[in-house]
Undergrad: 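The structure that follows is given in the form of structure tokens.
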There are 2 protein chains.
Amino acid sequence: MQVPKYKEISNFIISKINSGTWAENEKLPSENDLAELLDSSRMTVRKSLEQLVADGLLYRRPSVGTFVAPKKVQSSFLEIRNIADEIKERGHQHSSLVLSKVLMKPTDKLLELLKLDTYVDVVRVVILHQEDGKPFQLEERYVNAELVPDFFNQDFTQITCNEYLSTQLPVTSAEIAIEAITPPKILKHQLGMNDGDPCLKLTRITTSGSNTVSFANLYHSGNAFKLTGKLVSV
Amino acid sequence: MQVPKYKEISNFIISKINSGTWAENEKLPSENDLAELLDSSRMTVRKSLEQLVADGLLYRRPSVGTFVAPKKVQSSFLEIRNIADEIKERGHQHSSLVLSKVLMKPTDKLLELLKLDTYVDVVRVVILHQEDGKPFQLEERYVNAELVPDFFNQDFTQITCNEYLSTQLPVTSAEIAIEAITPPKILKHQLGMNDGDPCLKLTRITTSGSNTVSFANLYHSGNAFKLTGKLVSV
DNA sequence: TAGTGGTCTAGACCACGAA
DNA sequence: TCGTGGTCTAGACCACTAC
């Protein structure tokens, strides 16, 4: 089986939502109706619906029906996720603009953050990630060029930084800081934000073994973005 | 049906893990075996297993088996920390003001968030945490009064909500959401923020077993607050 | 009362990994 | 080859909501 039927059903529902055929808070056909409509069994339809509920695209009210959830973009901070995958999972289109890519000598601050003891080169990239053509995240990243020599030559409209880095070196740990900031003018413009909109800033330092591979600042418009995570004690 | 069979199965498996009967990376009985053992159908067992995999307690390898997941190192911002300890660790003085404490009937939204199926009472507290006398965090918390009957009578200038709750019930999981918001006027005043200052909002839902104990909104002045954490891959 | 989602069952076939 | 998880089916009963 190439693609499971329940995923086809999910895609069908996602496309209905994205195209606006099924609007926010609109009631979906019942499970039985969907099963008949899609020539499937109720249990298979349920599997798809349960997944979409877990993803936050739908919500259900017992004895009443299944509804299209109002939009709220979410992202998991627990995983080092590929932003492109994340956006695709939401059924949207991901695209990137490489605003800048330079090879540079590290500043003192970078020396400290990347835990460099010698003056190796550093690659700095600035990438604007877009979801369906709308600015979603601004990524400012510094990478130790010695550890990842071919980083500079990558086409980051085709592969995300994280994706490429993870093919080169295994990420063993990451330090993350999250804060709310008042965006500088440039950022406001790049992310298409309005005056007074808050901004969520994520700083991430990834290490592989004892080496610090990369330092990244990720900026999101606070109005349209929420980070979520789940802790399970074991 | 009071408690669904698949939840009983989950609890059975969780107890086996917690007691150490099934150690890390140990293989569980197959789905068919579990079904027979627990006098259930394979589909019901699967529902339970899928949930535990999603919770990170188990992992599966197709054609091989289901295994107990190794314990994950949690990042510090994910820990359910005691804000008083946190402030003391920084060498500062913690104090609290209880702005409000009421026993109330839950709204529909609370019913959903606390996963209440009946109209039990809910305690709502609003507490301003101060660091060296300066506003630091505003905590708005709702607690299921049935699960924690004596919650209302606590003196939250002497013990934090989390501290007290953890003495009453073990926290088994928590869901966290983080967003940057523009603070409403009241909040701005309470946290001593200036115009245009961004605000970091943390929403935390804590559960104990299958019960949702508490729902809390935690607000911080973005200017003076940063969440940090470390992720360690396992 | 009719329709909904929530749960459960007892089968089935498949691809894949291990022996 | 055999056991595993992954998928799928066609039923069933229930509690609850809306009418």
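Chain letters run A, B, ... following the sequence lines, proteins first and then strands; every chain starts at 1. What you are looking at is a predicted structure, and each value in this text was computed from that prediction instead of being measured.
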Undergrad: Is it the case that over 12 heavy atoms from other parts of the model lie below 6.0 angstrom from the CG atom of A/D150?
TA: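 For A/D150, atom CG is crowded (more than 12 foreign heavy atoms under 6.0 Å).
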Undergrad: Of the candidate nucleotides C/dG17, D/dT7, C/dG5, which contains the atom at the shortest distance from the side chain of A/T66?
TA: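 For the A/T66 side chain, the nearest candidate turns out to be C/dG5.
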Undergrad: I need the CG-P distance between B/L49 and D/dT4, as an integer number of Å.
TA: 13 Å
Undergrad: Would you indicate whether the side-chain heavy atoms of A/F136 and A/S95 approach each other to under 4.5 Å?
TA: no
Undergrad: Measure the shortest side-chain to side-chain distance between B/F151 and B/C161 over non-hydrogen atoms and say whether it is less than 4.5 angstrom.
TA: yes
Undergrad: Does a side-chain N or O of A/R60 approach OP1 or OP2 of C/dG6 to a distance below 4.0 Å, or not?
TA: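 Yes, such a contact exists.
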Undergrad: Count the heavy atoms of every other residue, nucleotide or ligand shown that sit under 6.0 Å from CD of B/E8, and state whether that count exceeds 12.
TA: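 Yes, because the 6.0 Å sphere around CD of B/E8 holds more than 12 heavy atoms from other groups.
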Undergrad: Between A/R46 (CZ) and D/dA10 (C1'), how many Å, whole number?
TA: 15 Å
Undergrad: Within this structure, what is the CD-to-P distance between A/E31 and D/dA10, rounded to whole angstrom?
TA: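 Rounding to the nearest Å, CD of A/E31 and P of D/dA10 are 16 Å apart.
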Undergrad: Is it true that atom NZ of B/K27 has more than 12 heavy atoms of other residues, nucleotides or ligands lying nearer than 6.0 Å?
TA: yes
Undergrad: Tell me: CZ of A/R61 to C1' of C/dG6, nearest whole Å?
TA: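 Interatomic distance, CZ of A/R61 to C1' of C/dG6: 16 Å.
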Undergrad: Considering only D/dG6, C/dG3, C/dG5, which nucleotide approaches the side chain of A/S30 most closely?
TA: C/dG5
Undergrad: Would you call B/E26 and B/K16 a side-chain contact if the rule is heavy atoms closer than 4.5 Å?
TA: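 No, every pair of side-chain atoms sits at 4.5 Å or beyond.
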Undergrad: Given atom CG of A/L28 and atom C1' of C/dG5, what is their separation to the nearest angstrom?
TA: 13 Å
Undergrad: If each of A/S63 and A/Y6 is mapped to the nucleotide of DNA chain D with the nearest heavy atom, which maps nearer the 5' terminus, i.e. the 5' end?
TA: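 With A/S63 and A/Y6 compared, the 5'-side residue is A/Y6.
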Undergrad: Measure the shortest side-chain to side-chain distance between A/V143 and A/F152 over non-hydrogen atoms and say whether it is less than 4.5 angstrom.
TA: no
Undergrad: Send over the distance from A/N32 CG to C/dT7 P, rounded to a whole Å.
TA: 16 Å
Undergrad: In whole angstrom, give the distance that lies between atom CD of A/E50 and atom C1' of C/dT4.
TA: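 To the nearest whole Å, that distance equals 15 Å.
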Undergrad: Rounded to whole Å, how long is the line connecting atom NZ of B/K5 with atom C1' of D/dC14?
TA: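 Result: 14 Å.
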Undergrad: For C/dC8 and B/K47 - does any side-chain N or O of the residue sit under 4.0 Å from the phosphate oxygens OP1/OP2?
TA: no
Undergrad: Taking DNA chain D as the partner, which of residues 35-45 of chain B come within under 4.0 angstrom of it by heavy atom?
TA: B/R42, B/M43
